[in-house]
Protein chains: 2
Amino acid sequence: EKVVVAGITCKKDEAKVSIVGLPDKPGIAALVFGKMAEANINVNMITQSSLSQKSGTNNISFTFPLGDFKKAQSVIETIKKELSPEEIVFDDHIAIVSVVGVGMKTNVGVASGLFAVLGKNAINIQMIGTSEIKISVVIDKNRADDSVALLHEHFKLDKLSQ
Amino acid sequence: EKVVVAGITCKKDEAKVSIVGLPDKPGIAALVFGKMAEANINVNMITQSSLSQKSGTNNISFTFPLGDFKKAQSVIETIKKELSPEEIVFDDHIAIVSVVGVGMKTNVGVASGLFAVLGKNAINIQMIGTSEIKISVVIDKNRADDSVALLHEHFKLDKLSQ
Ligand SMILES: C[C@@H](O)[C@H](N)C(=O)O
Ligand SMILES: C[C@@H](O)[C@H](N)C(=O)O
């Protein structure tokens with residue numbers, strides 16, 4: 001399937017939370033997101049990488065609407081009491097920048113292109129999530145507009161360059 | 001937008017690698033996936049959560065075709081020499097199980113439903129990635145068929161229950 005990058009999107013109305021050092025055993029993700037669902041907080045991007053089994057712990061990050069910040073803090077306080085993670089980090093100054101297209105599952109070139117543009121411009125990547133139609137990164141909100149412009153240029157999405 | 005779960009997919013031809021304790025600064029993801037792209041290895045699911053800034057490190061996991069296992073090991077050996085991560089963990093016994101649908105961005109109920117089914121059945125979730133049309137988890141390959149059957153039942157996708 002030919003890879004086509006159709007556009008760049010940028011979401012600036014989300015906050016991030018990372019729950020670090022959760023027990024890495026069945027039922028933990030269910031508890032975390034069960035509580036978020038009960039509180040009617042729309043969770044957007046969820047990322048969890050894999051760690052080594054010997055650590056026995058894992059980390060989950062996710063984004064949710066800035067408007068739900070206080071509500072999320074109190075729900076996550078409940079999660080903290082129940083699961084005692086090592087650390088909880090909130091960030092209300094992020095942006096989610098995504099490259100949208102088709103056929104991207106079969107082309108690591110698009111992902112590495114996105115990461116290279118950000119890396120060369122000293123923009124730190126906080127979270128990464130991928131699908132066949134979208135590669136999303138979380139970055140600092142103050143680099144959002146830069147990133148979108150740089151990515152339009154890199155993927156030749158500008159009207160002038162067509 | 002109404003949430004509709006259309007189906008469950010299961011991919012058993014992928015391997016996983018986690019690169020743990022990478023420097024959390026710009027350009028690192030670019031280096032990792034630049035090398036994978038150069039080697040023509042199709043990277044499928046990439047996940048990176050956020051850690052606390054004081055750790056100064058982060059972890060990236062991704063999946064790639066089982067058929068590229070030896071090639072990936074040698075590329076990642078190069079990455080290891082260049083970036084000296086704390087740890088590299090390969091796993092050639094995984095499955096990627098996904099809930100596919102529409103409107104899922106606005107419904108944490110689908111994600112928590114997926115996690116609850118797996119959790120109740122003692123199936124450990126190794127990686128999580130999400131988009132509006134797909135929620136994917138990495139689990140052990142030996143629980144793949146169970147998971148698909150349980151999820152069909154939970155989301156009422158069986159022909160008999162319609
Ligand atoms: C960390 C969390 O994802 C856990 N492994 C679970 O299965 O719920
Ligand atoms: C860890 C890695 O994602 C790093 N933060 C980067 O921006 O490249």
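When reading the values below, keep in mind they use all heavy atoms of this one structure, side chains included, and skip hydrogens, waters and symmetry mates.
The residue among B/D91, B/N124, B/V138, B/I135 with the most heavy atom pairs within less than 4.5 Å of chain A is B/N124. Each of B/I46, B/I41, B/N40 has some count of heavy-atom pairs under 4.5 Å with chain A, and the biggest count is that of B/I46.
Heavy-atom distances place the backbone of A/I123, and not its side chain, under 4.5 Å from chain B. For chain A, no part of B/K35 is nearby; none of its heavy atoms comes within less than 4.5 Å. Only the side chain of A/N58 has a heavy atom closer than 4.5 Å to any heavy atom of chain B.
Residues of residues 17-34 of chain B lying under 4.5 angstrom from chain A, judged on non-hydrogen atoms, are B/S18, B/V20, B/D24, B/K25, B/P26, B/G27, B/A29, B/A30, B/F33, B/G34 by number. Residues of residues 76-90 of chain B that come within less than 4.5 angstrom of chain A, heavy atom to heavy atom, are B/E87, B/V89 in numerical order.
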*Show your reasoning for whether side chain to side chain contact (heavy atoms under 4.5 Å, CB included) applies to B/N59 and A/L51.*
CA-CA 8 Å; B/N59 316 312; A/L51 292 184; 3.3 Å; yes
_Worked verdict on B/S49 versus A/S49 for side chain to side chain donor-acceptor pair (under 3.5 Å)_ = CA-CA 6 Å; B/S49 286; A/S49 286; 5.0 Å; no
*Does the pair B/I125 and A/Q48 meet the rule for a side chain to side chain contact (heavy atoms under 4.5 Å, CB included), with working shown?*
CA-CA 9 Å; B/I125 298 167; A/Q48 175 186 308; 4.3 Å; yes
Got a list of side-chain donor-acceptor pairs under 3.5 Å for residues 109-119 of chain A, not counting sequence neighbours?
| residue | atom | partner | partner atom | Å |
| --- | --- | --- | --- | --- |
| A/S112 | OG | A/V108 | O | 3.1 |
| A/S112 | OG | A/G109 | O | 3.2 |

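Cluster membership for B/L157 and B/V148, using ILVMFWY side-chain heavy atoms within less than 4.5 angstrom, is shared. Linking Ile, Leu, Val, Met, Phe, Trp and Tyr residues whenever their side-chain heavy atoms come within less than 4.5 Å places A/I60 and A/F69 in a single cluster. Cluster annotation: A/V100 and A/I8 are assigned to distinct hydrophobic clusters (Ile/Leu/Val/Met/Phe/Trp/Tyr, side-chain heavy-atom contacts under 4.5 Å, transitive). Tracing side-chain contacts under 4.5 Å through hydrophobic residues (I, L, V, M, F, W, Y), one never reaches B/M127 starting from B/V137; they form parts of separate clusters. Hydrophobic clustering of Ile, Leu, Val, Met, Phe, Trp and Tyr side chains at less than 4.5 Å, counting indirect connections, unites B/M36 with A/I128.
Qualifying salt bridge (charged side-chain N to carboxylate O under 4.0 Å, His left out) partners for B/D140, counting only residues two or more places apart in sequence or in other chains: none.
Once rounded to the nearest 0.5 Å, the distance linking CZ of B/F62 with OG1 of A/T130 reads 11.0 Å. In this structure, the separation between CE on B/M45 and CD on A/E132 is 10.5 Å, given to the nearest 0.5 Å.
Between the B/T47 side chain and the A/G129 main chain, no donor and acceptor come within less than 3.5 Å of each other.
Considering all non-hydrogen atoms of both residues, A/S50 and B/S61 come closest at N-OG, 2.8 Å.
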